[in-house]
Amino acid sequence: AGPLKSAPARYIPGTAPDAYWTMEDGSRVSTARPTAGLYALRGFIGTHPSGAVVTAPQWGTGDLAPWLPPGLSRAGGSTLTIVWGRVTQAAFTNTWTVDLMYKSGTDAAVTNIDVNPSYLGGAAGWPQVILTPSVSLLQVTMNAEPEVDATVTGLFDAQPHHIRWTATQSATKVTWAAYVDGVAVNTSTTVGAMTLVAVSTVGLTAAASTGTGLAQAHLAVWSTPPTRTAAVSAAFGWDGATAPARMTRLCAEQGLPFAVDAHAPSPFPGIDPPDPLLVGPQRPAPLVELCRAAAAVDGGVLYEPRDSLGLAYRTAASLYNQGQSYNGRPSLTLDYPSGGEVAPPLEPVEDDQRTRNDVTVTRAGGADYTATLDDGSRMSISDPPVGVGRYPASETVDAHADAQLADQAWWRVHLGTVDEPRYPRVVVNLANTAAHGKTALAAAAAALDVGGLVTITNPPAWLPPDDIAQLAQGFVETLAAFE
């Protein structure tokens, strides 16, 4: 399957917007097609009421965020540029909301969000948000009244931001609010009487400027918007979600059945469960690739269930302390000398296939951390016979923060320096087990799933005397003529 759309492009259409343009159409388009609504977002060519000459914008070249495809660039324009679209608010109830993704530095052009402007057939004194990067100013004007100013320093830091602007009829006046990343930064009520009307046109203007880095995308208009928290989370790619939460949401969006096996309850009162491991922004990529990236951060196992279509996931925490009474997950205990419980061959493998003692983990778009086992132990990077020598590995993970990298790297070193043989295959003959009257054991073997614990007690004399404990990573079922 091809890459999924960006997180906001997947989320916003399900929130019933009156109009929505992703502006992710590419650099060779002349208009932005509507994802919701009937009308394209297009360039306005002509003369602005200010007298400025208006020219075409730059589609598909605006670098907004690493997790978003390029949007609309408003950088370095020699003249005023305007994009605009028509809106139909069939369910208008005296309130509207406009959302926009925005990025600029302090050297960027002055930009406006215009609702029903006169240059698109509206009345003079139209509602307007004015963004002035050079002085970190966000202004709002309604009903031709003087602008209400707010200094918003963090808005013009060359990082992506989510802007929301709401207006609501309040008796004879209109109350409005502007939010940046979900936080109110400029709110007020008109001084004089004003009748709020539905949005019929919306325009984005950008003045001439030699500045760089001004980009816009994801322009949406609602009568009833989603919550600010949800809209901002989608705009930032659901950054900071847990791995199971990301996989659950993605599979639900695709209509794919999905099951999660999370951590075991703690056996000790007052002991918290393991801290959840958080993933970074969701990028456009195929569904399975996104799920695997989330699993790599959490350290669990993503797999296809044997009894149903779909995907399933076992968190890393669910793999801990199996076999304990409080874990309660299906496990399998086999006694080697007992008849029919372990079929041949039972062959341990001593190799370096999974040895890793010098691991560098890099966060996508972030820093890196290297963990090296250099303590002179048997599995350390010391030359033999003291250690095993250096076994390097590197991996890029979609972690939420650089602070997670040390744990990510050392956990991989821990897994890569287990000084025990591995058992690539444990064979259980279900027919033979049942023939020995061990129907409960046969049922337990059949119920075992990916990540389940297999313990072999009383191993044969040619192996060390300790119990053999392995986690099931997969299954092969062999059907013979009579078995």
Side-chain angles (χ1 to χ4, degrees), residues 17-21 31-32 34 36-57 74 79-100 102 109-132 137-150 163-179 186-208 216 219-225:
D18 297 306
Y20 172 47
W21 301 273
T31 63
L38 301 175
Y39 305 99
L41 194 71
R42 61 185 68 249
F44 175 87
I45 308 300
T47 303
H48 187 264
S50 65
V53 175
V54 185
T55 57
R74 316 304 294 272
T79 63
L80 177 70
T81 60
I82 300 175
V83 296
W84 72 282
R86 296 192 184 278
V87 180
T88 301
Q89 285 198 292
F92 175 70
T93 54
N94 298 319
T95 183
W96 48 251
T97 296
V98 178
D99 278 14
L100 177 70
Y102 173 92
V110 175
T111 57
N112 297 344
I113 306 173
D114 295 334
V115 168
N116 303 335
S118 66
Y119 61 86
L120 297 176
W126 62 85
Q128 187 177 64
V129 169
I130 307 167
L131 304 175
T132 309
L137 203 61
L138 184 153
Q139 300 169 294
V140 179
T141 177
M142 307 282 287
N143 207 29
E145 295 179 356
E147 294 90 351
V148 178
D149 298 351
I163 296 174
R164 170 167 287 189
W165 177 26
T166 65
T168 303
Q169 192 73 49
S170 180
T172 61
K173 300 180 180 181
V174 172
T175 297
W176 50 262
Y179 303 86
N186 197 343
T187 62
S188 190
T189 301
T190 58
V191 175
M194 177 183 177
T195 299
L196 190 70
V197 298
V199 179
S200 58
T201 59
V202 60
L204 303 176
T205 74
Q216 298 169 325
L219 175 63
V221 179
W222 287 274
S223 299
T224 304

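Positions are given from 1, in the same order as the sequence printed here. Since we're looking at a predicted model, the values are computed, not measured.
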From CA spacing to verdict: side-chain contact (heavy atoms from CB on, under 4.5 Å), Asp18, Thr88: CA-CA 6 Å; Asp18 297 306; Thr88 301; over 6 Å; no
If you apply the rule side-chain contact (heavy atoms from CB on, under 4.5 Å), what do you find for Leu196 with Thr168, and how did you get there? CA-CA 7 Å; Leu196 190 70; Thr168 303; 5.5 Å; no
Audit row: Asp114, Trp84, side-chain contact (heavy atoms from CB on, under 4.5 Å) steps and yes/no: CA-CA 9 Å; Asp114 295 334; Trp84 72 282; over 6 Å; no
With side-chain contact (heavy atoms from CB on, under 4.5 Å) as the criterion, how do Thr166 and Tyr179 come out once you've worked through the C-alpha distance, each side chain's angles and the decisive distance to 0.1 Å? CA-CA 9 Å; Thr166 65; Tyr179 303 86; 4.1 Å; yes
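A side-chain donor from one of Thr175 and Thr189 sits under 3.5 Å from a side-chain acceptor of the other.
Using modelled atom types, no side-chain atom of Gln89 and backbone atom of Trp96 make a donor-acceptor pair closer than 3.5 Å. A distance-only check finds no donor-acceptor pair linking the side chain of Asp99 to the backbone of Ala220 [under 3.5 Å]. A donor-acceptor contact shorter than 3.5 Å links the side chain of Arg74 to the backbone of Thr81. Listed for the Asn186 side chain is a donor-acceptor partner under 3.5 Å among the backbone atoms of Val148. The backbone N or O of Ala171 lies less than 3.5 Å from a partner atom in the side chain of Gln169, making a donor-acceptor pair. The main-chain N or O of Lys173 is never found under 3.5 Å from a side-chain atom of Thr190 such that the two would form a donor-acceptor pair. Not a single donor-acceptor pair under 3.5 Å links the side chain of Gln128 to the backbone N or O of Met142. The backbone N or O of Ala167 lies less than 3.5 Å from a partner atom in the side chain of Thr95, making a donor-acceptor pair.
Between Ile82 and Tyr119, some side-chain heavy-atom pair lies under the 4.5 Å cut-off. Side-chain atoms of Asn116 and Val197, non-hydrogen and from C-beta on, do get closer than 4.5 Å to each other. With contacts defined as side-chain heavy-atom distances shorter than 4.5 Å, the pair Met194/Pro127 qualifies.
The side chain to side chain contact (heavy atoms under 4.5 Å, CB included) with Asn112 is formed by just one residue from the set Leu204, Thr141, Ile130; it is Ile130. Put simply, the residue from Thr111, Leu219, Ile113 that forms a side chain to side chain contact (heavy atoms under 4.5 Å, CB included) with Tyr102 is Thr111.
Between Ala109 and Ala207, the closest heavy-atom pair is CB-O, 3.1 Å. Taking all atoms of both residues into account, the shortest heavy-atom contact from Trp165 to Val115 is CZ3-CG2, 3.7 Å. The two residues Ala178 and Leu138 have their closest heavy-atom pair at CB-CD2, 3.8 Å. Between Gly43 and Pro57, the shortest heavy-atom contact is CA-CD, 4.1 Å. Contact record, Ser118 with Pro49: OG-CG, 3.7 Å, taken as the closest heavy-atom pair. Here the closest heavy-atom approach between residue Ala206 and residue Leu80 is recorded as O-CD1, 3.2 Å.
Within 6.0 Å of the CZ atom in Phe92, the count of heavy atoms belonging to other residues, nucleotides or ligands exceeds 12.
Rounding to the nearest 0.5 angstrom, the gap separating the CZ atom in Arg164 from the OG1 atom in Thr97 is 5.5 Å.
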